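So that the names make sense, note that chain A is the first sequence line, chain B the second, and so on, each numbered from 1. Because the structure is predicted, anything quoted here is derived from the model rather than measured.
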Amino acid sequence: MEPKFTEMYQKEPAGEMDGACGQVADLLDSMVDGEATAEEQRFFNSHIEECVNCFENHQKQKLLKGLISGHLKRVIVPESLAQTIKAKIQETI
Amino acid sequence: MSEQTGKQLSKEEKDARFEAELLPVLDPLYNFAYRLTLDEDDANDLVQETYLKAYRFFDYFEQGTNAKAWLFRILKNSFINEFRKKSKQPAKVDYSEVEGYYNTEDVEGDNGVATTTDMRTESVQDLIGDEVASALNTLPVDFRTVIILCDLEGFTYEEMAKILDIPIGTVRSRLHRARNSLKEKLEKYARTMGYNS
């Protein structure tokens, strides 16, 4: 029982990524969100210059973020809401 | 909410500062409330409640600090603590409803592309917006929240950690999982529109 379990546990994940690609994948969010450190950015950018897969993943991640920031419609605030809030505040005092 | 500022404001000063610093956040706050509750009336109630609380605790707000993050935090807590319990409707779209929708809109083979090309740009934009919104709405509220805070409102990870009361590491992992989930839903949609992912 025991050896079997260990064996299973040590199995590589299905989509085997080499070390650098894995690290780049982990940085995708930080990169598109502007949260990566200077060192991380250098590492990331030099890798995607050479790796088509990671380059494409970066493009997709940017696209995804752009879909939310650029296409998600903002709802219009009801005109009366600001007045209602002010009125309620005066009532509660 | 950290320490009290110490000096007591007159009512006039307090009202003036409240209006100048907090009311300009009304638009993003209402949008956030709407994306959490998915209901205009609920969003309205939630925003009112948030501002009433903010007024009550205004002495704890440090002038010049991030008013938007402060209000978002209050709203998020109100949503969790009271609103979710009170609300009869679960703050979630029934998943199966939306799931079925995609499957019925079957595109006939590769010809699906033709239908998109003769549409005017504006309607395509609307269409994309609608699809993004419905995909987003099917996500669990915690996932939806991080995506809204980050991509729509542009909060930093650090600000998000404060708004949500979670460590930055959790912000990162939650955002990562949320985006993967959203990506999956949108790729499914892209395929029905004849795009290859």
Side-chain angles (χ1 to χ4, degrees), chain A residues 13-15 17 21-41 43-44 48 52-93, chain B residues 11 14-15 18-19 22-24 26-35 40-41 43-44 47-52 54-56 58 124-133 135-136 147-148 150-158 160 168 171-173 175-176 178-180 182-183 186-187 197:
Chain A
M17 277 183 168
C21 292
Q23 276 174 277
V24 161
D26 288 342
L27 285 174
L28 274 178
D29 291 298
S30 307
M31 283 300 293
V32 298
D33 296 330
E35 297 266 352
T37 64
E39 198 184 330
E40 286 170 337
Q41 287 177 40
F43 165 73
F44 187 94
I48 62 166
V52 182
N53 253 344
C54 289
F55 176 83
E56 279 179 1
N57 287 339
H58 185 221
Q59 295 301 110
K60 275 191 200 168
Q61 203 75 356
K62 282 196 284 189
L63 179 72
L64 185 72
K65 190 178 168 83
L67 280 176
I68 300 292
S69 56
H71 290 281
L72 194 66
K73 274 177 240 157
R74 296 196 78 95
V75 284
I76 313 263
V77 183
E79 269 178 44
S80 56
L81 186 53
Q83 284 312 319
T84 309
I85 290 165
K86 285 185 206 168
K88 281 210 170 169
I89 282 169
Q90 297 312 317
E91 276 170 29
T92 54
I93 302 159
Chain B
K11 191 188 167 312
K14 186 177 172 181
D15 287 359
F18 183 84
E19 281 192 28
L22 302 190
L23 276 185
L26 181 60
D27 184 280
L29 203 61
Y30 181 78
N31 271 269
F32 183 44
Y34 178 75
R35 295 288 166 204
E40 287 180 18
D41 292 334
N44 213 309
V47 168
Q48 287 185 31
E49 193 183 317
T50 301
Y51 272 109
L52 285 179
Y55 189 82
R56 209 175 307 142
F58 196 53
V124 173
Q125 299 279 352
D126 282 353
L127 198 66
I128 293 171
D130 290 347
E131 285 309 322
V132 171
L136 187 71
I147 288 180
I148 294 299
C150 186
D151 296 340
L152 201 63
E153 298 302 340
F155 284 111
T156 64
Y157 291 177
E158 199 181 333
M160 286 163 71
I168 282 200
V171 171
R172 287 177 189 276
S173 59
L175 190 59
H176 182 73
R179 281 186 174 147
N180 279 349
L182 183 64
K183 220 184 289 179
L186 288 171
E187 275 172 0
S197 58

Q. Between L72(A) and I148(B), is any pair of side-chain heavy atoms under 4.5 Å apart?
A. yes
Q | Rounded distance [0.5 Å steps], CD1 in I68(A) versus CD in E153(B) | A | 12.0 Å
Q | L152(B) portion near chain A, given a 4.5 angstrom heavy-atom threshold | A | both
Q) Okay, side chain of N31(B), backbone of R74(A): is any donor-acceptor separation there less than 3.5 Å? A) no
Q. Looking only at heavy atoms, what is the nearest atom pair of A82(A) and L26(B), with distance?
A. CB-CD2, 3.8 Å
Q.
Strictly below 4.0 Å, N to O, side chains only: are K86(A) and D15(B) in salt-bridge contact?
A. no
**Q.** Part of Q61(A) within contact of chain B (heavy atom distance under 4.5 Å)
**A.** side chain
**Q.** Heavy-atom contact with chain A under 4.5 Å, split by part of E19(B)
**A.** side chain
Q. Out of L29(B), V132(B), V47(B), which one racks up the most heavy-atom pairs below 4.5 Å with chain A?
A. V132(B)
Q: Begin with the C-alpha distance, continue with both residues' side-chain angles, and end with the deciding distance and a verdict on side chain to side chain contact (heavy atoms under 4.5 Å, CB included) for T84(A) and Q48(B).
A: CA-CA 8 Å; T84(A) 309; Q48(B) 287 185 31; 3.6 Å; yes
Q. Which residue out of D29(A), L28(A), D26(A) racks up the most heavy-atom pairs below 4.5 Å with chain B?
A. D29(A)
Q: Could you walk me through whether D33(A) and R179(B) pass salt bridge (charged side-chain N to carboxylate O under 4.0 Å, His left out), step by step?
A: CA-CA 12 Å; D33(A) 296 330; R179(B) 281 186 174 147; 2.8 Å; yes
Q) Got a second to check how far I85(A)'s CD1 is from N44(B)'s CG, nearest 0.5 Å? A) 8.0 Å
Q) R35(B) versus chain A, heavy atoms under 4.5 Å apart: side chain, backbone, both or neither? A) side chain
Q.
With a 6.0 Å cut-off (strictly less than), is the heavy-atom count around CD of Q41(A), excluding the residue itself, greater than 12?
A. yes
Q) To the nearest 0.5 Å, how far apart are CG in L175(B) and NZ in K65(A)? A) 7.5 Å
Q.
Pair I89(A), F18(B) - check side chain to side chain contact (heavy atoms under 4.5 Å, CB included), show working.
A. CA-CA 11 Å; I89(A) 282 169; F18(B) 183 84; 3.3 Å; yes
(Q) Donor-acceptor check, side chain of E35(A) to backbone of Y157(B), threshold 3.5 angstrom: yes or no? (A) yes
Q) Can you say whether L136(B) sits under 4.5 Å from chain A via the side chain, the backbone, both, or neither, judging by heavy atoms? A) side chain
Q.
If you apply the rule side chain to side chain contact (heavy atoms under 4.5 Å, CB included), what do you find for K88(A) with E49(B), and how did you get there?
A. CA-CA 10 Å; K88(A) 281 210 170 169; E49(B) 193 183 317; over 6 Å; no
Q) Got K73(A) and D130(B) here, is their nearest side-chain heavy-atom distance under 4.5 Å? A) yes
Q: Identify which part of I76(A) has an atom lying under 4.5 Å from any heavy atom of chain B, answering side chain, backbone, both or neither.
A: backbone
Q. Do E40(B) and P78(A) touch side chain to side chain, with heavy atoms closer than 4.5 Å?
A. no
